[in-house]
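Each remark here refers to the structure printed beneath this line.
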Amino acid sequence: MIVVKTTREINMMQDACTLSARALKLAGEMVEPGVSTYEIDAAVKNYIEGEGGVPSTLGYGGYPASTCISVNSVVVHGIPSKKTILRSGDIVSIDICAYLNGYHGDNACTYACGAISEQAQRLLSATKECLYQGIAAAQAGHRVGDISSAVQRYAEARSYSVVRDFTGHGVGAKLHEEPSIPNFGTPGRGPRLIPGMTLAIEPMITAGDYHTRTLSDGWTAVTVDGSLAAHFEHTVCITPDGARIMTIP
């Protein structure tokens with residue numbers, strides 16, 4: 001069932017989204033050579049809890065951390081570790097969700113660690129634009145497939161691949177709500193978008209093939225061919241005037 005929020009509910013959810021965005025900004029500022037992903041995770045946990053929130057991912061389905069930090073060929077759900085030390089040239093995707101006032105906010109960004117290759121920078125720029133193409137298509141009266149198609153068209157026109165195994169989703173009182181929002185699809189298909197829907201739109205794009213596999217930890221998803229992957233995400237609210245981005249610091 002798709003949950004349509006009232007104005008009051010959206011205002012309450014906005015606090016969670018702002019907290020998530022500020023936590024992501026903090027994490028991004030920590031992306032430097034020599035820093036461990038564990039350090040970033042610990043800082044985010046402390047920040048969210050210090051603001052009265054709860055990291056949404058901690059314990060979710062057994063997930064052991066407060067953030068997902070995915071480096072280079074890791075697509076999503078990378079588990080922070082003291083052993084994962086960032087190096088110059090890495091691209092670092094950080095996905096942060098915070099729970100506050102009974103609602104979740106969800107956002108992600110892929111950061112450059114030090115100087116990165118031209119190939120990696122092009123992937124980051126294209127994936128970020130895929131997100132905004134999807135947001136632009138998230139208009140009241142349109143359908144989920146319009147978002148999906150917009151992301152896919154932009155990525156594939158630039159010879160990138162769209163991950164099929166993971167999708168965006170509704171978000172609200174639950175971290176994952178209906179509808180599912182694939183990053184590939186057909187315009188005019190899927191649930192109709194109406195004001196009050198809150199969605200996590202999150203393109204996951206690879207420089208090579210789109211197939212992924214999950215490592216033995218049960219979480220870490222990597223590209224099968226070892227190609228770089230990038231991930232950008234915002235929580236948005238559908239309004240009569242278009243999609244309003246809620247995850248702004």
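Since this is a predicted model, take the numbers as computed values, not measurements.
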Using a 4.5 Å cut-off on heavy atoms from C-beta on, say whether the side chain of [Y] contacts that of [X].
X	Y	value
Tyr103	Glu9	yes
Val144	Arg189	no
Pro55	Ile96	no
Thr167	Ile181	no
Glu32	Ser88	no
Thr206	Tyr160	no
Val35	Ile40	yes
Thr110	Lys128	no

Is it true that the side chains of [X] and [Y] contain a donor and an acceptor less than 3.5 Å apart?
X	Y	result
Ser36	Glu39	yes
Gln14	Thr18	yes
Asn107	Ser20	no
Ser70	Ser93	no
Asp217	Thr220	yes

Test your reading of the model: is there a side-chain donor-acceptor pair from [X] to the backbone of [Y], 3.5 Å cut-off?
X	Y	result
Asn72	Ile91	yes
Glu156	Arg153	no
Ser149	Gly145	no
Thr247	Ala21	no
Ser148	Asn183	no
Gln152	Gly185	yes
Arg143	Gly190	yes
Thr223	Ser227	yes
Glu177	Ala173	yes
Asn46	Ala43	no

Step-by-step side-chain contact (heavy atoms from CB on, under 4.5 Å) determination, Cys68 to His77: CA-CA 5 Å; Cys68 298; His77 304 158; 4.1 Å; yes

Mind checking the [atom1]-[atom2] spacing from [X] to [Y]? Nearest 0.5 Å is all I need.
X	Y	atom1	atom2	result
His176	Ser56	NE2	OG	9.5 Å
Ile79	Thr37	CD1	OG1	10.0 Å
Tyr210	Asp165	OH	CG	8.5 Å
Ser66	Glu49	OG	CD	6.5 Å
Gln119	Leu124	CD	CG	11.0 Å
Tyr47	Lys25	OH	NZ	9.5 Å

Do the side chains of [X] and [Y] join up, straight or via other hydrophobic residues, at under 4.5 Å, putting them in one cluster?
X	Y	result
Ile147	Ile2	yes
Val171	Met12	yes
Val92	Val44	yes
Trp219	Val76	no
Ile116	Ile94	no

Trace of the side-chain contact (heavy atoms from CB on, under 4.5 Å) decision for Arg213 with Val222: CA-CA 6 Å; Arg213 64 183 179 92; Val222 302; 3.7 Å; yes

Walk me through it: do Arg244 and Ile10 pass the test side-chain contact (heavy atoms from CB on, under 4.5 Å)? CA-CA 11 Å; Arg244 176 171 65 86; Ile10 291 168; 3.4 Å; yes

Using the rule given for side-chain contact (heavy atoms from CB on, under 4.5 Å), can you reason through Leu193 versus Leu199, listing the C-alpha separation, both sets of side-chain angles and the distance that settles it, and then say yes or no? CA-CA 10 Å; Leu193 305 177; Leu199 311 173; 4.0 Å; yes

Return the set of residues passing ring pair (Phe, Tyr, Trp, His ring centres under 6.0 Å) with Tyr111 (not counting sequence neighbours), or none when no residue passes. none

Do you know the tightest heavy-atom contact between [X] and [Y]?
X	Y	value
Leu58	Pro64	CD1-O, 3.6 Å
Ala120	Leu228	CB-CD1, 3.9 Å
Glu178	Met1	CB-O, 3.6 Å
Ala23	Ile48	CB-CG1, 3.9 Å
Ile69	Asp41	CD1-N, 4.3 Å
Leu123	Ala207	CD1-N, 4.1 Å

Close aromatic pair by centroid cut-off 6.0 Å: His104 and Tyr60: no

Check whether the ring centres of His231 and Phe166 lie less than 6.0 Å apart, and answer yes or no. no

Would you give me the side-chain donor-acceptor pairs under 3.5 Å for residues 130-140, sequence neighbours excluded?
residue: Tyr132; atom: OH; partner: His234; partner atom: NE2; Å: 3.2
residue: Gln133; atom: NE2; partner: Glu129; partner atom: OE2; Å: 2.9
residue: Gln139; atom: NE2; partner: Ala136; partner atom: O; Å: 3.0

When you measure from the centre of the six-membered ring of Phe184, is the NZ or CZ of Arg164 under 6.0 Å away and within 45° of the axis? yes

Side-chain donor-acceptor pairs of residues 235-243 under 3.5 Å, sequence neighbours excluded:
residue: Thr235; atom: OG1; partner: Asp106; partner atom: N; Å: 3.1
residue: Thr235; atom: OG1; partner: Asp106; partner atom: O; Å: 2.7
residue: Thr239; atom: OG1; partner: Asp241; partner atom: N; Å: 3.0
residue: Thr239; atom: OG1; partner: Gly242; partner atom: N; Å: 3.3
residue: Thr239; atom: OG1; partner: Gly242; partner atom: O; Å: 2.6

